[in-house]
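Here is the structure we will look at, set down as structure tokens.
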Amino acid sequence: ANIVVKGTTIGTVTDIDGNFSLDVPQNSTIAISYIGCETQEIKITGAKTLNIVLKDNAIGLDDVVVIGYGSQRKSDLTGGIVAVGEEKLQMVTTNNLMDKLAGQIPGMNVTTSNAKPGEDQSLRVRGENSLSADNSPLIVMDGIPYSGSLGDIDPDIIENMSVLKDASSAAIYGSRSAGGVILITTKKGLASKPTVNYTGAFGISTLANKPDMLTADQWRSYVQNNGGIGESFDLGANTDWFDEITRTGLQQDHNVSLSGGGTNHNYRGSVSYMHRDGVVRDNDMSRFNTRLQFSQRALNDKLKIDITGVATIINNSPTYKRNFILAYNMIPVYPVKYEDGSWFETRNYDQGNPVRNQDENVTENKISNINGIANVSYSIIEGLDIKVLLSKSRNNVDYSEYKSIESEAGYSNGGFAKRQSTITDNDMMEWTANYSNTFGKHKLNGLIGYSWEQTIYAEHVGQSRG
């Protein structure tokens with residue numbers, strides 16, 4: 001539980017057994033809060049020991065689901081909505097949010113075509129509705145449509161998720177929600193003393209089901225048993241081409257967060273780093289996420305201000321898939337390099353040196369996402385809140401490709417180079433007024449709002465061959 005002296009930044013958190021110790025001014029009031037329980041306030045009049053029992057809240061987080069512009073109790077829902085909390089996400093030990101969601105939500109399909117780091121995964125909430133249009137769901141994070149991939153988001157910053165599966169989501173988000181909507185609420189700081197958390201993980205990945213190819217000795221034995229046909233190809237080497245283009249991949253994940261706050265404010269900052277070396281030598285991916293959130297309440301809690309900044313940087317080097325074909329077709333008596341250190345190369349059909357392709361050629365995909373959000377709400381009267389949401393984001397993708405004229409990948413084109421850059425700027429403003437009140441056994445909810453959004457896309461491409 002969190003314990004805070006009202007009107008100050010003095011506070012602490014209890015241990016696992018609920019015990020705490022705190023020096024407080026005389027005649028002050030402390031507020032005790034815990035998720036799923038009612039906040040309790042106690043005036044300190046000199047007692048040194050307190051026995052506090054919190055009451056369960058009639059509506060805890062497990063009973064509340066985020067639905068577009070607000071939240072509702074599960075008992076009031078009429079649409080197809082599934083909520084996923086932090087507890088379920090932490091059950092799967094991976095730093096890829098798509099992998100964490102697999103099997104968690106009925107009807108949601110997460111498809112992975114291969115296990116290469118940085119490879120896009122397919123996510124479907126409402127199935128394949130169109131042969132030509134995008135069937136992916138709309139991702140909305142903290143009220144803002146998110147243009148990146150769900151796999152780019154650091155799972156450690158997520159508090160809960162709601163998946164809107166039925167057609168009622170179109171009433172809020174229009175035709176872009178035809179594939180469903182995923183609403184993400186990120187973590188915020190709590191009223192407590194500054195708390196630092198670190199999580200880390202290391203792992204390895206190895207090649208599974210490696211193709212069983214002839215060794216050099218087996219190849220020579222086969223040639224001798226068949227009249228010596230092909231002996232002229234024997235250059236005296238003993239090469240396992242799949243061993244040459246693969247490796248044991250290393251992976252590491254690190255996440256550091258700082259959170260805290262007082263009675264009227266809270267904050268949370270986090271930095272995470274993920275790196276994956278693929279089992280293929282030319283494949284790796286790194287992701288850097290940073291996020292800063294600050295909330296302030298004023299005017300007797302009528303005014304609430306939330307400011308959030310998020311930045312994500314991804315560097316991905318995808319593998320050149322044709323190298324697998326070359327590794328199948330290159331015979332084991334061909335060397336990777338001659339004794340003088342120069343590359344061995346052949347121009348026979350579907351043959352070439354895959355190791356040279358990996359060492360001399362480069363393919364890089366650099367992605368950066370920057371997003372700033374300001375959310376201001378004010379309670380005019382009890383039950384009537386107005387809110388202004390402002391957001392500005394930029395997504396930049398820089399793709400570069402180079403193929404050496406001497407390598408198998410580049411000689412047919414006389415060498416090849418390409419550079420492609422795309423920039424997507426998104427500006428958004430929303431005004432909403434929400435009224436909620438209870439009259440006896442009846443509950444009234446009303447919402448009115450205005451939303452403005454602008455997206456500007458620019459693309460530049462340059463390439464050369466020969």
Side-chain angles (χ1 to χ4, degrees), residues 68-69 96-98 117-125 129-130 132-155 157-158 161 164 169-170 172-186 272 274 285-293 306-318 363-375 388-401 418-431 450-463:
Y69 298 101
N96 187 313
L97 182 56
M98 299 275 271
E119 189 74 10
D120 283 339
Q121 295 168 285
S122 172
L123 178 64
R124 297 291 183 267
V125 172
N129 298 316
S130 173
S132 57
D134 186 10
N135 293 295
S136 301
L138 173 67
I139 302 171
V140 179
M141 185 163 64
D142 289 335
I144 305 299
Y146 181 75
S147 59
S149 169
L150 201 62
D152 299 341
I153 301 174
D154 179 13
I157 71 171
I158 295 177
M161 300 176 62
L164 313 185
S169 58
I172 298 178
Y173 299 105
S175 60
R176 58 183 173 173
S177 65
V181 180
I182 297 178
L183 303 176
I184 299 175
T185 302
T186 57
S272 68
M274 178 186 74
M285 190 269 283
S286 63
R287 186 187 72 198
F288 176 81
N289 293 86
T290 181
R291 180 179 179 271
L292 179 62
Q293 170 269 327
D306 291 319
I307 299 175
T308 304
V310 182
T312 301
I313 299 176
I314 300 172
N315 294 323
N316 176 32
S317 295
T363 302
E364 291 183 339
N365 204 24
K366 298 181 179 180
I367 303 171
S368 60
N369 284 303
I370 301 175
N371 192 10
I373 304 171
N375 194 335
V388 180
L389 178 65
L390 303 174
S391 170
K392 186 173 185 63
S393 64
R394 167 168 289 186
N395 173 267
N396 182 42
V397 179
D398 185 10
Y399 175 83
S400 59
E401 183 180 347
K418 179 180 180 180
R419 189 72 177 268
Q420 180 178 3
S421 176
T422 63
I423 297 177
T424 305
D425 286 327
N426 182 272
D427 299 323
M428 183 175 177
M429 177 181 66
E430 286 185 351
W431 295 75
Y450 170 79
S451 179
W452 172 87
E453 186 174 357
Q454 173 181 269
T455 300
I456 300 176
Y457 176 83
E459 180 177 5
H460 303 86
V461 182
Q463 65 181 36

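We're numbering straight along the sequence, starting at 1. Values in this document were obtained by computation on a predicted structure and should not be read as measured data.
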Any chance you could measure [X], atom [atom1], to [Y], atom [atom2], to the nearest 0.5 Å?
X      : Y      : atom1 : atom2 : result
His460 : Arg419 : NE2   : CZ    : 12.5 Å
Ile157 : Ile184 : CD1   : CD1   : 8.0 Å
Ser400 : Gln463 : OG    : CD    : 13.0 Å
Ile307 : Asn375 : CD1   : CG    : 10.0 Å
Gln293 : Thr308 : CD    : OG1   : 5.5 Å
Glu430 : Trp452 : CD    : CH2   : 12.0 Å

Close side-chain approach of [X] to [Y], heavy-atom, < 4.5 Å:
X      : Y      : value
Ile423 : Tyr457 : no
Ser451 : Met428 : yes
Leu389 : Ile373 : yes
Ile314 : Met285 : yes
Asp427 : Glu453 : no
Met161 : Leu183 : no
Val140 : Val181 : yes

Quiz item: What's the shortest heavy-atom distance between Pro145 and Gly143, and which atoms?
Solution: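 Smallest heavy-atom distance, with atoms named: CD-O, 4.0 Å.
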Exercise. List the atom of Ile153, the atom of Arg287, and the distance in Å for their closest heavy-atom pair.
Key: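 That closest heavy-atom pairing would be O-NH1, 3.8 Å.
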Quiz item: For Asn426 and Thr455, does a side-chain donor sit closer than 3.5 Å to a side-chain acceptor?
Solution: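 Distance-only check passes for Asn426 and Thr455.
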Quiz item: Can Ser421 and Asp398 be counted as having a side-chain donor-acceptor contact under 3.5 angstrom?
Solution: no
Quiz item: Does a side-chain N-to-carboxylate-O contact under 4.0 Å join Asp154 and Arg291?
Solution: no
Self-check item: Residue of the set Asn395, Asp152, Asn371 for which side chain to side chain contact (heavy atoms under 4.5 Å, CB included) holds with Tyr146
Solution: Asp152
Practice problem: In sequence, state the C-alpha distance, the side-chain angles, and the governing distance for Ile313 and Asn369, and then conclude on side-chain contact (heavy atoms from CB on, under 4.5 Å). | Solution: CA-CA 7 Å; Ile313 299 176; Asn369 284 303; over 6 Å; no
